[in-house]
Amino acid sequence: MRIYLIGFMGSGKSHWGRRWAATHEWPFYDLDDMVTSSERLSVTDIFEQKGEEYFRMRETLTLRRTLGINRAIIACGGGAPCFHGNMEWMNEQGFTIYLSATPAYLLQQVMNDRSQRPLLKNVNEAELLYFIQQKLAEREPFYQQAKLTLHADGLSANSLDAVIGPEN
Ligand code: S3P
């Protein structure tokens, strides 16, 4: 089984993905890391030098390649489910989990590492909450197609016990 973790920037996909993978002794992959290591550029540099459209194309190709992985937790970038039919594809090819969070929670999480997130980099602090609210509303129709929704503020190392049974 492939588990795709989706959700807005700052919802904790990589953090929890890594912890759950460790708890269950499963492999863990981070889609952004897979893209940046094949491009040898940071996400910010890819956006700046090659544009968002190019990034979305690389992200989609990298996602589709996860078909070769049989058993893993895969954390996806916040925009991944919203482009090129990726949400539908993930639902066909794996089990999708949405880490949902309120705009206020997300704001708190992204505040300090905004510079590494090209979409947030140039939004000034006063407008950040509004930006998150708007972007989240735009993306929720995709995120809500996930098979399971977990709330980001109530998670623990054992949150996936019911999903990953001993037989997996
Ligand atoms: C993006 C989220 C980022 C990264 C890129 C674009 C988005 O990943 O893929 O900056 O469109 O929401 P995280 O959600 O891991 O920050």
Side-chain angles (χ1 to χ4, degrees), residues 2-22 27-66 69 72-90 94 96-125 127-146 148-153 155 159:
R2 276 176 294 276
I3 297 179
Y4 294 103
L5 293 184
I6 63 161
F8 205 81
M9 292 171 272
S11 57
K13 301 170 300 259
S14 303
H15 170 80
W16 286 107
R18 243 184 220 105
R19 277 195 74 177
W20 290 329
F28 171 77
Y29 293 86
D30 184 298
L31 207 58
D32 278 343
D33 290 349
M34 293 166 85
V35 173
T36 57
S37 67
S38 74
E39 286 286 312
R40 299 210 189 95
L41 286 174
S42 69
V43 173
T44 303
D45 288 342
I46 300 173
F47 267 68
E48 271 168 15
Q49 294 173 25
K50 302 187 170 182
E52 179 172 353
E53 220 172 289
Y54 178 84
F55 175 79
R56 296 303 173 195
M57 186 267 288
R58 295 294 309 162
E59 176 177 63
T60 298
L61 289 175
T62 308
L63 176 67
R64 305 293 162 118
R65 268 196 228 116
T66 61
I69 304 166
I73 296 178
I74 302 158
C76 302
C82 315
F83 293 87
H84 304 304
N86 288 340
M87 191 63 215
E88 206 179 356
W89 186 88
M90 285 188 274
T96 48
I97 301 179
Y98 170 32
L99 297 195
S100 94
T102 62
Y105 178 96
L106 296 168
L107 175 69
Q108 205 188 347
Q109 301 299 315
V110 299
M111 200 58 129
N112 296 324
D113 57 3
R114 228 148 37 99
S115 60
Q116 289 160 38
R117 293 187 157 104
L119 293 185
L120 305 179
K121 225 173 118 181
N122 301 318
V123 182
N124 76 48
E125 223 170 288
E127 286 169 356
L128 198 51
L129 181 62
Y130 180 72
F131 178 88
I132 292 171
Q133 285 166 337
Q134 296 300 305
K135 204 58 162 180
L136 183 61
E138 189 185 303
R139 289 179 168 183
E140 283 238 285
F142 295 94
Y143 295 157
Q144 281 169 356
Q145 292 172 44
L148 177 70
T149 295
L150 296 175
H151 294 278
D153 52 6
L155 299 172
S159 299

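When a residue number appears, it is its place in the shown sequence, counting from 1. First listed ligand is number 1; within each ligand, the first listed atom is number 1.
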Side chain or backbone of Leu119 under 4.0 Å from ligand 1, or both, or neither, by non-hydrogen atoms? side chain
What part of Lys135, side chain from CB on, backbone N/CA/C/O, both or neither, has a heavy atom under 4.0 Å from ligand 1? neither
So which of Glu59, Arg139, His15, Arg117 gets nearest to atom 12 (O) of ligand 1, if we judge by its closest heavy atom? Arg139
[X] heavy atoms, cut-off 4.0 Å: which ligand 1 atoms fall inside?
{"X": "Pro118", "result": "10 (O)"}
{"X": "Lys13", "result": "13 (P), 14 (O), 15 (O)"}
{"X": "Phe55", "result": "9 (O)"}
{"X": "Gly77", "result": "8 (O), 9 (O), 14 (O)"}

Nearest protein heavy atom with distance in Å, relative to atom 4 (C) of ligand 1: Asp32 OD2, 3.2 Å
Tell me the protein heavy atom at minimum distance from atom 7 (C) of ligand 1, and give that distance in Å. Gly79 N, 3.3 Å
With a sphere of 6.0 Å drawn around CD of Gln49, does it hold more than 12 non-hydrogen atoms of other residues, nucleotides or ligands? yes
Within 6.0 Å of OH in Tyr130, more than 12 heavy atoms from elsewhere: no
Can you tell me if Gln116 contacts ligand 1 (heavy atom of the residue under 4.0 Å from the ligand)? no
With a cutoff of 4.0 Å, is Arg56 in contact with ligand 1, counting heavy atoms of the residue only? yes
Heavy atoms, side chains only, cut-off 4.5 Å: are [X] and [Y] in contact?
{"X": "Cys82", "Y": "Tyr143", "value": "yes"}
{"X": "Val43", "Y": "Val35", "value": "no"}
{"X": "Met90", "Y": "Pro81", "value": "yes"}

Backbone N or O of Ile74 within a donor-acceptor pair of the Arg2 side chain at under 3.5 Å? no
Sequence neighbours left out, cut at 3.5 Å: what donor-acceptor pairs do the side chains of residues 3-19 make with other protein atoms?
from	atom 1	to	atom 2	distance (Å)
Tyr4	OH	Thr66	OG1	2.7
Ser11	OG	Phe8	O	2.7
Lys13	NZ	Gly7	O	2.8
Lys13	NZ	Phe8	O	3.2
Ser14	OG	Asp30	OD2	2.7

So is Val43 polar-close to ligand 1, meaning N/O to N/O under 3.5 Å? no
All heavy atoms of Leu119 vs all of Val123, minimum pair found to be O-CG2, 3.6 Å
